[in-house]
Each structure stands twice: as C-alpha cells, then as structure tokens.
Amino acid sequence: MIETSATTMIAAIAKPGETMTAAPELVEIYANEAGAVFQCDRRNRLMLYFAGMLNVLKVDTFLRLKQAVASIDLEQMAANPSRSSDYEIVSVCGCDRCFILSLTELNALRDLLAGAKFGLELNRLLHECLTPLEA
C-alpha cells in the first residue's frame, strides 16, 4: 500500500513528460508502517514519503532532518504533563515542509529516518568493499 501511494505521489510531482519514467528509477531504501524513503540516483535526491506527503530532499537535508528528529527527547516529551509538550515542530533548512508531530509520529519518523540512514550506510560500505581498487 505504501509503495502504490508513494508511486502515485511521485508520478504526480514529476514533470509532464516524465510521469512514467520517474517512478521506475526509484529504489526503496527503507519502509515502515508510517512511510518510506526512496533514492533517486538520476536526480541525486532522497524522497521521504511520510504521513501521506512526499518530500524531495537532498542528502545533506535528509541528514539534518534525521539529526533534528533524533535530538528530540521522547521520554521527556512523554513525561511532561503540559499541553505544549504534546507536539513538536521540526523544520530544517532545505526542506519545504515544517513537520508538526505527535509523540507517536515522532517515534515512527525517527525509526523511518534511522532505518533509511542505516540502509544508505550499508549500501555505501558494500559498494566500497565490492568495488575493485584501482592500481
């Protein structure tokens, strides 16, 4: 279900002549029940599909978003009885979207971003190990 929705969203944002050619170039990096992260090698971008919205991010923006979400103290947020701690606003430079997230959404996004980062790092290490050294 996530893949179909994400493909539809990606086709919708593609340029008029690229509707069908944009989706096959995407590689799913990681997905959970809340969304998915895709890699587009053609445009050197990561596509974050979360909460029904698609965000196209440069790699450095993705890493800043991951760091911003990881720096939020979820335990403190859950323990704080004030209404102002029910939601967290996350915004990073380079991302067109401002995320307003509840505790459960933050946890799901944190898992999604961490899983995607792990997948990217693992892919990099495998590529590095399997690529023959140039003499």
Between Leu57 and Cys95, which heavy-atom pair has the shortest distance, and what is it? CD2-SG, 3.7 Å

More than 12 heavy atoms of other residues, nucleotides or ligands under 6.0 Å from CZ of Arg124: is that the case? yes

Would you check, one step at a time, whether the test side-chain contact (heavy atoms from CB on, under 4.5 Å) holds for Leu103 with Asp86? CA-CA 7 Å; Leu103 182 64; Asp86 289 345; over 6 Å; no

Side-chain touch Val92/Thr61, heavy atoms, less than 4.5 angstrom: yes

In terms of heavy-atom contacts, Met53 and Arg97 come closest through CB-NH1, 3.6 Å

Check: Ile72 and Leu74 side chains under 4.5 Å, non-hydrogen atoms: yes

Do Val59 and Val37 share a hydrophobic cluster (ILVMFWY, side-chain heavy atoms under 4.5 Å, transitive)? yes

Check whether any side-chain heavy atom of Val56 lies under 4.5 Å from a side-chain heavy atom of Leu48, and answer yes or no. no

CG/Asp73: more than 12 non-hydrogen atoms of other groups inside 6.0 Å: yes

Let me confirm one number: the CD-CD1 distance from Glu105 to Ile100, rounded to the nearest 0.5 Å. 10.0 Å

Spell out, as yes or no, whether a donor-acceptor pair under 3.5 Å connects the side chain of Thr131 to the backbone of His127. yes

Examine Met47 and Leu120 and state if one hydrophobic cluster contains both, with Ile, Leu, Val, Met, Phe, Trp and Tyr joined whenever side-chain heavy atoms are less than 4.5 Å apart. no

Give a yes or no on whether the backbone of Cys40 and the side-chain of Arg42 come within a donor-acceptor separation of less than 3.5 Å. no

Between the CD1 atom in Ile29 and the CG atom in Leu113, the distance rounded to the nearest 0.5 Å is 13.0 Å

Can you tell me how far CG of Leu65 sits from SG of Cys93, rounded to the nearest 0.5 angstrom? 12.0 Å

Is there a donor-acceptor pair under 3.5 Å between the side chain of Glu121 and the backbone N or O of Phe118? no

State whether the number of non-hydrogen atoms from other residues, nucleotides or ligands found under 6.0 Å of Leu126 atom CG is greater than 12. yes

Taking only residues two or more places apart in sequence, or in another chain, which ones meet Asn80 in a side-chain hydrogen bond (donor to acceptor under 3.5 Å, both in side chains)? Ser82

Would you check if Ile89 and Cys98 make a side-chain contact, meaning some heavy-atom pair closer than 4.5 Å? yes

May I ask whether Tyr30 and Leu54 are part of the same hydrophobic cluster, defined by side-chain heavy atoms of I, L, V, M, F, W, Y residues being less than 4.5 angstrom apart, directly or through others? no

Name all residues meeting the side-chain hydrogen bond (donor to acceptor under 3.5 Å, both in side chains) criterion together with Gln39; count only those two or more places apart in sequence or in a different chain, and write none if there are none. Asp41

Using modelled atom types only, decide if a donor and an acceptor are shared between the side chain of Arg110 and the backbone of Ala70 within a distance under 3.5 Å. yes

Distance from Leu26 atom CG to Arg45 atom CZ, nearest 0.5 Å? 13.0 Å

Same cluster or not: Leu112 versus Tyr49, using hydrophobic residues (I, L, V, M, F, W, Y) connected whenever any side-chain heavy atoms lie under 4.5 Å apart? no

Residue pairs passing the side-chain hydrogen bond (donor to acceptor under 3.5 Å, both in side chains) test with at least one member in residues 51-60, sequence neighbours excluded, are Asp60-Arg64

Same hydrophobic cluster for Phe50 and Tyr87, using side-chain heavy-atom links shorter than 4.5 Å among ILVMFWY? no

